[in-house]
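Chain naming here is simple, since letters A, B, ... match the order of the sequence lines and numbering starts at 1 in each.
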Protein chains: 2
Amino acid sequence: MKDIVVDLIRRDTDYAFRFMAQLTGAYSGGGRLSARVLAKDNEVSYSLACKILQKLAGAGLVESTMGPKGGFRLAKNPETIEFKQIIEAVQGPVSVNKCLMGDYQCPLKGKCPAHPKMAVLQSQINGYLKKLTLQEFISGE
Amino acid sequence: MKDIVVDLIRRDTDYAFRFMAQLTGAYSGGGRLSARVLAKDNEVSYSLACKILQKLAGAGLVESTMGPKGGFRLAKNPETIEFKQIIEAVQGPVSVNKCLMGDYQCPLKGKCPAHPKMAVLQSQINGYLKKLTLQEFISGE
DNA sequence: ACCAAGTAGGACTACATTAGTCCGAGACGA
DNA sequence: TCGTCTCGGACTAATGTAGTCCTACTTGGT
């Protein structure tokens, strides 16, 4: 059997977690971290770091300041940032199955016995990801 | 924002569910269903159906009989088949993050604060997928 | 006023995975 | 021994992911 793996969390998103973790550390001090520093500290290329940070900024999770002495910082208190928001900002919504997406028309719609079970799993996952805040995520417990 | 979606369950696997569902219906009667019938009834090409059924057979979930009047049937009682087994037979193990796979060496191993949280989510998902049997999956409740 | 340090953001490329097809070979019943 | 059926690998097209590159824009310091 091949070593196929289905990941819920992509690599981009994993990088985003590290950035957010580092930004959380700097949050109380109020200081900004430049994309270059974040990239270097987390062993990600600068270009890619920019791309990911842009997505986070677009979702309103971080704020950017241009120019020298500029950089990024958390836009909100880390206790109010949901884990789910980070994931969705970078890689889009997570679903168990296409059938559960709003706009997808499953050919077995209505008569598919699997549907309700999938929905249960979906809501469990969503619940966990929403409940978990960035702050909790970072701190040991 | 693009309409990216991360799916836990791939299309192959979805087809496999339908096959298994149909085979469950025929199970008590003891009859076999040919790959051609399964393909047609579920609107999947014959070639692809064969491929998926081979995977299911390889995992010991269905039995095949060659020759005319041959076909597939469940290898076990549908109450003893775990949902998770079907998924893994077709698309391989499901993981939340590569970090949680045994053979992957995360560069932040040990000091990564995210690790334990991911592990919790992982085990929740696994637990649900293992607990759910094919029989429960098929029947309304 | 200008330059350097920084972000913004789209275009582009290489690569991996997925979904699906095709075809020859083996098995079995009539 | 013929037709129907599964077996199973090789192959292909399409899609998605990861990452790079380049240019434009912003702002603080001198």
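Distances shown here put a side-chain N or O of B:Tyr46 below 4.0 Å from the OP1 or OP2 atom of D:dT6. Between B:Ser34 and D:dT4 there is no side-chain polar atom (N or O) within less than 4.0 angstrom of OP1 or OP2.
Residue pairs meeting the ring-ring contact (aromatic ring centres under 6.0 Å, His included) criterion with at least one member in residues 48-95 of chain B, sequence neighbours excluded: B:Phe17-B:Phe83, B:Phe83-B:Phe137.
With rounding to whole Å, A:Gln54 atom CD is found 16 Å from D:dG19 atom P. D:dT17 atom C1' lies 15 Å from atom CG of A:Asp14, rounded to whole Å. Look at CG on B:Leu56: it is 14 Å from P on D:dT6, rounded to the nearest Å. Atom CD of A:Glu43 and atom P of D:dA18 are 18 Å apart (whole Å). Computed from coordinates, the B:Ile9 CD1 to C:dT17 P distance equals 20 Å when rounded to whole Å. For A:Ile52 and D:dA18, the CD1 to C1' distance is 9 Å, given to the nearest whole Å. At whole-Å resolution of the value, CZ in A:Arg36 and C1' in C:dA4 are 12 Å apart. Whole-Å rounding puts the A:Lys55 NZ to C:dG10 C1' distance at 13 Å.
Residue-to-nucleotide proximity on DNA chain C shows that, of A:Thr65 and B:Met66, the 5′-proximal contact is made by A:Thr65. DNA chain D is contacted by both A:Pro68 and B:Cys50; B:Cys50 maps to the nucleotide lying nearer its 5′ end (nearest heavy atom per residue).
Side-chain atoms of A:Ser47 lie closest to D:dC21 of the nucleotides D:dT6, D:dC21, D:dT27. In the set D:dT26, D:dG19, C:dG20, the nucleotide with an atom closest to the side chain of B:Lys51 is C:dG20. Distances were taken from every side-chain heavy atom of B:Asp12 (C-beta onward) to each of D:dT6, D:dA18, C:dA19; the shortest belongs to C:dA19. Nearest to the side-chain atoms of B:Leu48 among the listed nucleotides C:dA8, C:dG20, D:dC5 stands C:dG20. For A:Arg10, the side-chain atoms get nearest to D:dT17 when compared with the rest of D:dC5, D:dT17, C:dT7. Side-chain atoms of A:Arg11 lie closest to D:dG19 of the nucleotides C:dT7, C:dG20, D:dG19.
Atom NZ of A:Lys130 is surrounded by 12 or fewer heavy atoms from other residues, nucleotides or ligands within 6.0 Å.
Residues passing the side-chain contact (heavy atoms from CB on, under 4.5 Å) test with A:Lys69, sequence neighbours excluded: none.
The residue B:Tyr15 sits close only to the backbone: its heavy atoms come under 4.0 Å of sugar-phosphate atoms, none of a base.
Just one residue in the list A:Leu8, A:Ile87, A:Val94 forms a side-chain contact (heavy atoms from CB on, under 4.5 Å) with A:Thr13, and that residue is A:Ile87.
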Apply the test side-chain contact (heavy atoms from CB on, under 4.5 Å) to residues B:Ser34 and B:Val37: give CA-CA distance (whole Å), side-chain angles for both, the deciding distance (0.1 Å), then the verdict.
CA-CA 5 Å; B:Ser34 78; B:Val37 167; 3.4 Å; yes
